[in-house]
Amino acid sequence: MPKFINNNNEVFEGEFDLHVLRHTASHIMAQAIKRLWPDAKLAIGPAIDNGFYYDIDLDYRLSDNDLVKIEDEMRKIIKENLKIESFKLPRNEAIAFMKSKNEDYKVELIEDLPEDEEISFFQQGEFTDLCVGPHMTYTKALKVFKLFNVTGAYWRGDEHNKMLQRIYGTAFATKEDLEEYLKVLEEAKQRDHRKLGKELDIFMTHELVGSGLPMYLPNGATVRRILERYIVDKEIALGYKHVYTPSLANVDLYKTSGHWDHYKDDMFPVMEMGNEKIVLRPMNCPHHMLIYKNKLRSYRDLPIRIGELAHDFRYEDSGAVCGLERVREMCQNDAHLFVRPDQIKEEFKKVVELILSVYQDFGFNDYQFRLSLRDKNNKEKYFDDDEMWEKAESQLRDILVEFGVDFYEAEGEAAFYGPKLDVQLKSAIGHDVTVSTCQLDFLLPERFELEYIGEDGKPHRPVVIHRAILGTMDRFMCFLIEETKGAFPLWLSPVQVKILPISENEIEYANRIEEELNQKGYRVEVDRGNEKIGYKIREAQLQKVPYMLILGAKEKEENKVSVRMRNGEKKDNLTIDELIEELESSSKLIK
């Protein structure tokens with residue numbers, strides 16, 4: 001069994017621990033950096049889910065070539081097989097020790113610790129680092145590793161602090177494990193929605209517009225429009241009433257809802273306009289509360305289902321935004337259900353059924369239900385009402401158990417006003433992505449003093465179910481792009497049919513087919529360029545067009561088409577009617 005050493009300098013045996021190996025690797029990398037650049041100052045270097053990193057302060061800008069140098073130096077340290085040991089110092093001595101090594105960031109970390117705390121260090125050869133451990137006992141334990149890239153990272157994640165250089169790497173027990181991981185990384189690279197979004201003309205960004213503010217190009221706008229129509233039509237069929245509400249609101253609206261106290265740091269700054277203080281909204285529920293309150297409601301009116309494709313704004317740090325995945329302006333597939341207490345179970349069930357119906361349409365099979373609860377040890381994040389929380393969490397748990405839904409619980413993931421059901425979809429590259437969510441809320445009806453007249457003629461308080469099926473349209477688009485590698489199913493493809501005339505002689509015939517297919521509702525383009533047919537086919541394949549129609553003299557004469565499918569399948573000598581029949585059949589398969 002492998003041996004480890006803890007911060008009491010005790011050696012013990014145990015099952016292999018990849019996290020400990022990677023933590024040891026981060027120290028070996030830091031030692032290599034200090035050997036190559038003695039003036040480098042070390043910040044933090046933890047092990048993470050897929051590897052490790054170290055943040056360093058160095059005037060010299062590291063490049064990919066420098067990563068090779070660091071790897072070579074790490075191999076020397078491993079070959080030296082340095083013994084790893086630990087020791088402790090009183091806080092004052094620890095501060096003096098790190099000051100003697102000119103490690104300002106370590107000094108700051110120690111100064112944040114209690115005065116009576118002993119500080120632990122780990123040492124290997126000439127290198128010593130502040131750490132709680134544990135570690136492997138010798139540097140030779142690290143056999144398989146790789147460094148990937150250098151990025152920027154603010155000290156302690158605060159944009160007001162200095163930007164450091166962060167070096168990422170990973171380590172594994174075997175070469176085979178590393179090779180498998182590198183394959184996964186390459187697959188993720190090929191599926192990166194930012195890369196595909198650019199190649200397929202789906203969206204763009206520009207510094208003059210701003211970080212986290214993507215612009216949808218015609219292809220992306222087409223896909224998004226179809227998705228929006230799809231989900232709105234499904235909701236209308238289930239009795240939802242859709243509204244439009246402004247993306248701005250008075251700050252007092254969010255003070256009433258409670259969002260201001262719990263969410264203001266994630267909101268854009270207030271704009272003062274005359275006697276009003278206006279802010280871009282981060283969510284839509286307060287607006288919908290006022291729509292409900294706009295008129296007197298009877299118990300017979302409930303449930304009332306208010307839906308909206310609403311634009312919301314979040315004050316995301318420029319370093320956190322990412323393509324369509326994390327943006328500053330988003331469009332939410334949002335809805336709020338105002339229900340009587342006796343309707344909670346049935347309406348919640350209908351939301352779950354809608355989620356499952358959508359996932360079936362898209363062919364999503366790998367997902368889990370997560371019951372997101374508050375963190376009882378950190379109540380500051382949540383509205384302070386223990387009785388309300390116990391009631392809401394208990395009801396939501398009972399509903400899921402009664403429905404026979406498999407779920408797991410996660411503390412600390414609830415909204416500030418109530419628990420929720422999150423659906424965690426597993427992406428094609430193995431990431432858990434929260435798409436759909438359904439939340440139970442007893443708080444906002446209370447804060448907005450919502451009422452309905454009950455059967456007894458007295459006022460009663462409704463309960464609100466917050467739900468989003470596709471989540472935000474932006475993140476859902478991101479998920480779909482990476483899931484399909486940009487090869488959208490026929491019903492979603494921005495261009496469903498590309499007509500490729502071999503020469504100018506077939507242009508007029510191509511135009512006639514385009515018009516006929518357009519009239520049938522298909523999205524069609526004609527490649528009228530002068531390039532050879534092989535080039536046109538390759539371009540259409542790169543754009544991942546599902547159907548390519550090859551038109552030559554023979555096809556024109558016989559009033560037929562030769563079809564090349566995106567998957568490589570070929571169908572020659574189809575009549576236009578046969579082509580339309582083929583398209584209609586494929587369009588029915590929504591997946």
Side-chain angles (χ1 to χ4, degrees), residues 158-160 206-215 241-297 301 304-318 320-321 326-338 379-385 388 415-418 439 441-453 459-468 472-474:
D158 187 339
E159 62 181 323
H160 299 102
H206 198 286
E207 60 185 8
L208 289 178
V209 175
S211 301
L213 298 170
M215 294 180 285
K241 305 296 183 183
H242 288 81
V243 298
Y244 294 105
T245 57
S247 296
L248 295 164
N250 193 300
V251 168
D252 289 339
L253 176 66
Y254 300 103
K255 290 182 178 178
T256 300
S257 68
H259 287 96
W260 187 251
D261 291 335
H262 293 271
Y263 214 84
K264 63 183 176 183
D265 290 342
D266 295 305
M267 297 169 69
F268 277 87
V270 172
M271 297 172 281
E272 295 197 16
M273 304 175 68
N275 295 324
E276 288 187 297
K277 292 184 177 180
I278 303 295
V279 69
L280 287 167
R281 70 175 176 192
M283 67 284 296
N284 324 297
C285 35
H287 291 76
H288 292 186
M289 302 298 137
L290 296 180
I291 288 177
Y292 175 90
K293 196 174 180 178
N294 185 49
K295 58 191 293 188
L296 186 65
R297 309 287 182 174
D301 299 325
I304 294 172
R305 309 178 187 95
I306 297 176
E308 183 174 9
L309 291 173
H311 290 267
D312 298 326
F313 302 82
R314 307 280 170 88
Y315 191 55
E316 299 283 2
D317 185 88
S318 59
V321 297
R326 198 175 183 92
V327 295
R328 286 173 168 170
E329 179 190 8
M330 66 207 72
C331 178
Q332 291 211 62
N333 164 222
D334 205 12
H336 296 92
L337 286 57
F338 299 83
K379 294 183 180 180
E380 291 181 4
K381 291 171 55 179
Y382 310 99
F383 188 74
D384 186 16
D385 187 335
M388 181 275 288
F416 84 86
Y417 50 76
Q439 306 168 10
D441 179 11
F442 293 87
L443 174 63
L444 292 191
E446 191 72 34
R447 298 197 52 111
F448 281 94
E449 300 179 341
L450 303 185
E451 293 180 344
Y452 66 90
I453 303 303
H460 296 267
R461 193 79 74 207
V463 178
V464 172
I465 298 174
H466 305 241
R467 49 107 292 193
T472 72
M473 303 308 298
D474 312 272

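Along the sequence shown, residues are numbered consecutively beginning with 1. Hydrogens, waters and symmetry mates play no part in the numbers below; they use all other heavy atoms, side chains included.
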Please tell me if the side chains of [X] and [Y] come closer than 4.5 Å, counting only heavy atoms from C-beta onward.
X	Y	value
H287	L253	yes
V327	V321	no
V270	I278	no

Return the set of residues passing ring pair (Phe, Tyr, Trp, His ring centres under 6.0 Å) with [X] (not counting sequence neighbours), or none when no residue passes.
X	result
Y452	H460
H242	none
Y292	F338
H336	H288, H466

Exercise for the section: Give a yes or no on whether the backbone of F313 and the side-chain of R328 come within a donor-acceptor separation of less than 3.5 Å. Expected result: no
Practice task
Answer yes or no: is there a donor N or O on one side and an acceptor on the other, between the side chain of D261 and the main chain of K255, under 3.5 Å?
Solution key: no
Provide the closest heavy-atom pair for [X] versus [Y] in the form atom of the first, atom of the second, distance.
X	Y	result
P282	Q332	O-NE2, 4.2 Å
M267	L280	CE-O, 4.3 Å
I304	R297	CD1-NH1, 3.5 Å
R326	A320	CD-O, 3.1 Å
P462	P445	O-CB, 3.3 Å

Practice task
Test T256 against F448 for side chain to side chain contact (heavy atoms under 4.5 Å, CB included), laying out the working first.
Solution key: CA-CA 7 Å; T256 300; F448 281 94; 3.8 Å; yes
Handout entry: Test salt bridge (Lys or Arg N to Asp or Glu O under 4.0 Å) applied to R281 - qualifying residues, sequence neighbours left out
Key = E308, D312
Please round to the nearest 0.5 Å and tell me the distance separating atom [atom1] of [X] and atom [atom2] of [Y].
X	Y	atom1	atom2	value
T472	R314	OG1	CZ	9.0 Å
D317	D266	CG	CG	11.5 Å
N284	I306	CG	CD1	11.5 Å

Handout entry: side chain to side chain contact (heavy atoms under 4.5 Å, CB included) evaluation trace for H259 with V251
Key = CA-CA 10 Å; H259 287 96; V251 168; over 6 Å; no
Output a table of donor-acceptor pairs, distance under 3.5 Å, between side-chain atoms of residues 206-213 and any protein atom two or more places apart or on a different chain; print 'none' if there are none.
from: H206; atom 1: ND1; to: L208; atom 2: N; distance (Å): 3.0

Practice task
Show your working on side chain to side chain contact (heavy atoms under 4.5 Å, CB included) between Q439 and D441 and close with a plain yes or no.
Solution key: CA-CA 6 Å; Q439 306 168 10; D441 179 11; 5.9 Å; no
Exercise for the section: Could you give me the CA-CA distance, side-chain angles and deciding distance for L444 and C285, then say whether side chain to side chain contact (heavy atoms under 4.5 Å, CB included) is met? Expected result: CA-CA 9 Å; L444 292 191; C285 35; 4.0 Å; yes
